[in-house]
Chemist: 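Take this structure first; my questions come after.
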Amino acid sequence: MSDLEQNSTNELVNRRNRVDMWRENGIDPYGSRFDEAVPSAELKANFKDECEEDQPAVVAGRVLTSRDMGKVVFVTIQDPSGTIQLFGQKNALGEEQFKLFRKVDIGDIIGVTGKLFRTKKGEITVREFEFKMLSKSLKPMPEKWNGLKDIEIRYRNRYLDLISNEESREIFRQRSAIIREIRRFLEDKGYMEVETPMMHPIAGGAAARPFTTHYNALDQKMYMRIATELYLKQLLVGGFEKVFELNRNFRNEGVSKQHNPEFTALEVYQAFGDCQTMMDLIEGMIRHCAQTVRGSLHIKHSDEKTLDFESPWRRVEYSTLLKEKAGDNWFELSKEEMIKKAQELGAHADDSMDEVQIGQEVYDLIEPTLIQPTFVTRLPRELVPLAKRCTDDAALVDVYELVIDGKEISPGYTELNDPIDQRLRLEEQLKRTLGTEEEESGKIDEQFLDALEHGMPPAGGLGLGVDRLCMLLTGAPTIRDIILFPQLKNKDQ
RNA sequence: GAGUUGUUAGCUCAGUCGGUAGAGCAACGCCCUUUUAAGGCGUGGGUCCAGGGUUCGAGCCCCUGACAACUCACCA
């Protein structure tokens with residue numbers, strides 16, 4: 001290594017050279033086991049000012065900042081629990097150690113064994129330490145003050161986002177906790193988690209374009225699953241009464257603030273239950289998550305908007321919402337009058353639509369205004385073709401659509417268990433998709449129908465967009481903020 | 001798929017009317033034994049997203065493309 005290289009102002013070159021410097025001093029810059037470290041937050045919490053004897057500190061983390069004052073250096077390191085300051089003194093460390101300590105770069109990961117004290121300015125700090133180089137960083141870190149703001153880098157290089165932004169770390173801790181608490185809630189109530197195939201010969205259970213792949217050994221086209229429904233129902237036929245699956249679905253569609261092509265879905269099925277059962281279940285589950293993860297049933301999103309999960313959630317019929325918006329006589333209007341009224345309200349309605357479609361256009365105006373948790377129930381049959389009809393009104397189906405913050409977050413059904421009716425409706429659905437891109441995924445799943453013909457108990461089922469729940473509970477404005485590695489286009493090539 | 005905006009040093013950002021590319025932090029050198037956005041003095045660092053065009057001259061104007069964000073549409 002020449003003097004020229006030594007004195008380069010190119011940071012990448014300097015850091016590479018420093019790897020050699022550590023080796024020349026007999027130190028492996030990519031060190032080994034250091035699992036005796038204590039979380040920095042724990043060290044700080046247990047520190048006692050009046051304690052007479054030395055309070056030992058063993059801690060490891062990434063170097064965030066360094067303030068070098070010649071014969072003394074202050075270094076702040078970060079671990080998962082927070083940050084802690086190190087106080088390196090020439091006198092305490094000895095000439096050789098001190099000289100090496102000054103060569104620690106921002107971004108390096110070090111382990112430290114020393115003693116705790118409180119500085120004049122009041123900060124709990126480690127001094128009189130020995131340190132180990134655990135990992136030499138070759139790349140410069142994002143700036144300490146402004147942090148990393150570039151949205152594209154935050155998504156493409158999530159680790160840099162996590163190093164730099166505590167808000168981002170906290171969101172992903174909360175996401176992990178939400179998923180843990182969903183499982184805990186369901187398991188405590190006796191639901192069994194199951195795993196069903198992710199690659200399906202027929203992509204059923206929802207209307208969406210699937211990703212396709214090829215299974216070489218079988219020489220067969222396969223689809224990444226778009227839903228788990230058809231397999232879970234087969235488990236009800238098999239005699240499991242309370243099952244759920246919490247994992248990824250894939251839909252080959254556009255990305256948006258609300259959509260990522262692979263997303264985490266929960267589906268729960270309960271034999272002998274119905275739509276009401278599932279409403280009670282999801283309400284309890286989301287409350288549980290809010291309380292345990294956020295410590296409150298009131299989640300503030302902004303100065304104007306706080307989501308209230310505590311009050312009993314409104315349960316309102318679809319037709320009631322329409323009447324609230326469009327007048328009590330809505331359902332007595334002629335089609336022409338409906339179109340006129342809908343247009344007055346600002347909905348897109350025209351002659352080509354039928355009454356149900358016109359009503360749905362009006363509903364589309366209502367939904368964004370439903371900020372607090374609201375179960376919309378008893379939808380027109382045409383809107384949800386695969387659910388069981390209401391026993392008192394064959395034009396309606398016994399379902400709910402849970403709306404929070406103006407967005408649909410969870411549908412629930414009284415499931416259809418009549419195999420003859422189910423076959424008819426699947427065939428109708430297939431006809432509607434003939435000639436469209438959904439056609440190939442709409443094929444009749446004979447294996448599923450065969451299972452139904454053996455007898456599926458009456459059941460309630462629900463789905464939940466877990467990513468969207470995470471957005472609601474963390475206040476994240478886009479789905480990319482709660483997915484660690486969101487899908488982005490390749491930059492190179 | 002359409003529209004709008006953005007892309008300049010490792011990071012965060014300026015860049016006037018088209019006239020030799022700027023700051024803070026980071027880096028490098030020197031000083032400094034309680035700092036914490038440490039401080040002081042000094043130094044180096046640029047494919048201005050890419051490719052064309054206009055011009056004596058383009059970071060800036062025009063065209064095409066890449067990627068991203070936002071809005072809308074689509075999708076559930």
Side-chain angles (χ1 to χ4, degrees), chain A residues 3-18 63-77 83-93 98 102-103 105-107 117-125 127 137-157 160-161 163-165 205-210 226-227 249 251-261 263 265 348 360 364 367 383-386 401 407-411 433 436-438 441 463 465 468 477-478 480-481 486-493:
Chain A
D3 285 349
L4 189 68
E5 283 167 319
Q6 223 6 332
N7 295 323
S8 168
T9 56
N10 183 321
E11 190 165 358
L12 294 177
V13 172
N14 288 330
R15 282 172 180 259
R16 283 302 288 267
N17 288 340
R18 211 154 268 183
V63 173
L64 278 189
T65 62
S66 171
R67 294 174 292 280
D68 188 337
M69 305 176 65
K71 295 193 178 59
V72 61
V73 189
F74 289 92
V75 164
T76 303
I77 63 172
T83 64
I84 192 164
Q85 183 172 257
L86 312 178
F87 182 38
Q89 293 161 288
K90 192 173 181 179
N91 293 350
L93 271 62
F98 183 71
R102 288 181 73 189
K103 297 291 183 191
D105 288 324
I106 290 170
F117 80 113
R118 195 184 283 276
T119 64
K120 284 179 185 169
K121 296 286 170 64
E123 181 155 351
I124 298 166
T125 299
R127 70 175 166 191
S137 168
L138 297 181
K139 291 283 181 75
M141 287 290 128
E143 193 222 341
K144 61 186 169 187
W145 187 239
N146 290 300
L148 182 68
K149 289 187 174 163
D150 187 301
I151 295 169
E152 196 172 343
I153 297 176
R154 289 181 53 204
Y155 293 155
R156 287 188 195 275
N157 301 42
L160 291 176
D161 180 38
I163 289 168
S164 301
N165 298 317
R209 279 156 60 191
I226 57 174
N249 285 349
R251 296 187 181 178
N252 203 345
E253 288 164 359
V255 297
S256 77
K257 286 170 84 166
Q258 301 276 330
H259 300 82
N260 195 62
F263 61 98
H348 302 286
Q360 180 64 12
D364 282 343
E367 191 174 89
L383 297 179
V384 194
L386 299 182
E401 185 65 67
K407 295 164 199 110
E408 296 170 8
I409 178 166
S410 165
T433 61
T436 72
E437 287 184 81
E438 285 170 32
S441 58
R468 290 181 186 178
T478 89
R480 288 181 292 268
D481 288 335
Q487 290 296 340
L488 296 176
K489 256 182 121 162
N490 278 352
K491 258 201 134 166
D492 305 321
Q493 291 147 31

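Any value given below was found using the heavy atoms of this structure, including those in side chains, with hydrogens, waters and symmetry copies removed. Chain naming here is simple, since letters A, B, ... match the order of the sequence lines and numbering starts at 1 in each.
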Chemist: Taking any heavy-atom pair under 4.0 Å as a contact, classify A/R118: base, sugar-phosphate, or nothing.
Modeler: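 Since no nucleic acid heavy atom lies under 4.0 Å of A/R118, the category is nothing.
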
Chemist: Below the 4.0 Å mark, does B/U71 have OP1 or OP2 next to a side-chain nitrogen or oxygen of A/K257?
Modeler: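 For A/K257, the contact criterion (side-chain N or O under 4.0 Å from OP1 or OP2 of B/U71) is met.
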
Chemist: Can you check the distance between B/G39 and B/C32, where both ends of the measurement are the C1' atom (answer in whole Å)?
Modeler: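 Each nucleotide's C1' atom is 9 Å from the other's.
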
Chemist: Heavy atoms only, 4.0 Å cut-off, all strands: where does A/F87 land among base, sugar-phosphate and nothing?
Modeler: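 Result for A/F87 = base.
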
Chemist: Rounding to the closest angstrom, what is the interatomic distance between B/G59 and B/A21 at atom P?
Modeler: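 It works out to 8 Å between them.
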
Chemist: Under a 3.5 Å distance rule, please check whether A/D150 uses its side chain to pair with a backbone N or O of A/I153 as donor and acceptor.
Modeler: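 Indeed, once roles are kept as given, a pair shorter than 3.5 Å links the two residues.
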
Chemist: Could you check how far CD of A/E253 sits from P of B/A73, rounded to whole Å?
Modeler: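 Atom-to-atom, A/E253 to B/A73, this comes out as 16 Å.
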
Chemist: Under 4.0 angstrom, heavy atoms only, what part of the nucleic acid is A/S66 near: base, sugar-phosphate, or nothing?
Modeler: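 No contact.
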
Chemist: Considering just the side-chain nitrogens and oxygens of A/K121, establish if one lies under 4.0 Å of OP1 or OP2 belonging to B/U35.
Modeler: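 It does, given that an N or O in the side chain of A/K121 lies less than 4.0 Å from OP1 or OP2 of B/U35.
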
Chemist: Among B/C32, B/A37, B/C75, which nucleotide has an atom closest to any side-chain atom of A/W145?
Modeler: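 Selected nucleotide: B/A37.
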
Chemist: Checking contacts here: which listed nucleotide (B/G24, B/C32, B/U34) is nearest the side-chain heavy atoms of A/F74?
Modeler: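 Nearest nucleotide to the side chain: B/U34.
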
Chemist: Which of the following nucleotides, B/C67, B/U36, B/U35, is nearest to the side chain of A/E152?
Modeler: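 Nearest to the side chain of A/E152 among the choices is B/C67.
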
Chemist: Rounding to an integer number of Å, can you tell me how far A/N490 CG sits from B/A68 C1'?
Modeler: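 Going from CG in A/N490 over to C1' in B/A68 covers 14 Å.
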
Chemist: State which of B/U33, B/C28, B/G10 makes the closest approach to the side chain of A/D105.
Modeler: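 The nucleotide sitting nearest to the side chain is B/C28.
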
Chemist: Regarding A/G147, tell me which of base, sugar-phosphate or nothing describes its non-hydrogen contacts under 4.0 Å with the strands shown.
Modeler: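 Counting heavy atoms under 4.0 Å across all strands, the contact made by A/G147 is with sugar-phosphate only.
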
Chemist: In whole Å, measure the gap between the C1' atoms of B/A66 and B/A23 for me.
Modeler: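 One C1' to the other, the span is 30 Å.
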
Chemist: Counting just side-chain N and O atoms, does A/R480 come under 4.0 Å of either OP1 or OP2 of B/A69?
Modeler: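 Yes, A/R480 has a side-chain N/O under 4.0 Å of OP1/OP2 on B/A69.
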
Chemist: If we take the C1' atom in both B/U71 and B/A14, what is their distance in whole Å?
Modeler: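 Pairwise C1' distance, B/U71 against B/A14, rounds to 28 Å.
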
Chemist: Quick one: is A/K489 getting a side-chain N or O under 4.0 Å of the B/C67 phosphate, OP1 or OP2?
Modeler: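 Answer yes for this pair, as a side-chain N or O of A/K489 is under 4.0 Å from OP1 or OP2.
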
Chemist: Base, sugar-phosphate or nothing for A/F98? Non-hydrogen atoms, less than 4.0 Å.
Modeler: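 The residue A/F98 makes no contact with any strand.
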
Chemist: Whole-Å distance between B/C74 P and A/R251 CZ?
Modeler: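 From A/R251 CZ to B/C74 P: 18 Å.
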
Chemist: Surrounding CZ of A/R15 (heavy atoms of other residues, nucleotides or ligands, distance under 6.0 Å), is the total greater than 12?
Modeler: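 Count over threshold, so yes.
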
Chemist: Using atom CD of A/Q89 as one end and atom P of B/U34 as the other, report the distance to the nearest whole Å.
Modeler: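 Result: 9 Å.
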
Chemist: Could you check how far CG of A/N14 sits from P of B/G29, rounded to whole Å?
Modeler: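 Checked: the CG to P distance equals 7 Å.
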
Chemist: With rounding to whole Å, what would you report as the distance between B/A76 and B/U8 at their C1' atoms?
Modeler: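 Pairwise C1' distance, B/A76 against B/U8, rounds to 42 Å.
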
Chemist: Which comes earlier along RNA chain B counting from the 5' end, the contact point of A/T119 or that of A/P140, where each point is its nearest nucleotide?
Modeler: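 Closer to the 5' end of RNA chain B: A/P140.
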
Chemist: Please check if any side-chain donor atom of A/Q85 sits under 3.5 Å from a side-chain acceptor atom of A/R67, or the reverse.
Modeler: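 Their side chains do contain a donor-acceptor pair, which is all the 3.5 Å distance test asks for.
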
Chemist: Starting at atom CD of A/E408, determine the distance to atom C1' of B/A76, rounded to an integer number of angstrom.
Modeler: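 So the CD-C1' distance, A/E408 to B/A76, works out to 7 Å.
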
Chemist: Check whether any side-chain nitrogen or oxygen of A/R18 sits under 4.0 Å from OP1 or OP2 of B/C28, and answer yes or no.
Modeler: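 For B/C28, OP1/OP2 do have a side-chain N/O of A/R18 under 4.0 Å.
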
Chemist: Quick check for you: among B/A76, B/A26, B/U12, whose closest atom lies nearest to any side-chain atom of A/I106?
Modeler: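 Of B/A76, B/A26, B/U12, B/A26 is nearest to the side chain of A/I106.
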
Chemist: Using the side-chain heavy atoms of A/R156, tell me which of these nucleotides is nearest: B/A27, B/U34, B/C67.
Modeler: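 Per side-chain heavy atoms of A/R156, the pick is B/C67.
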
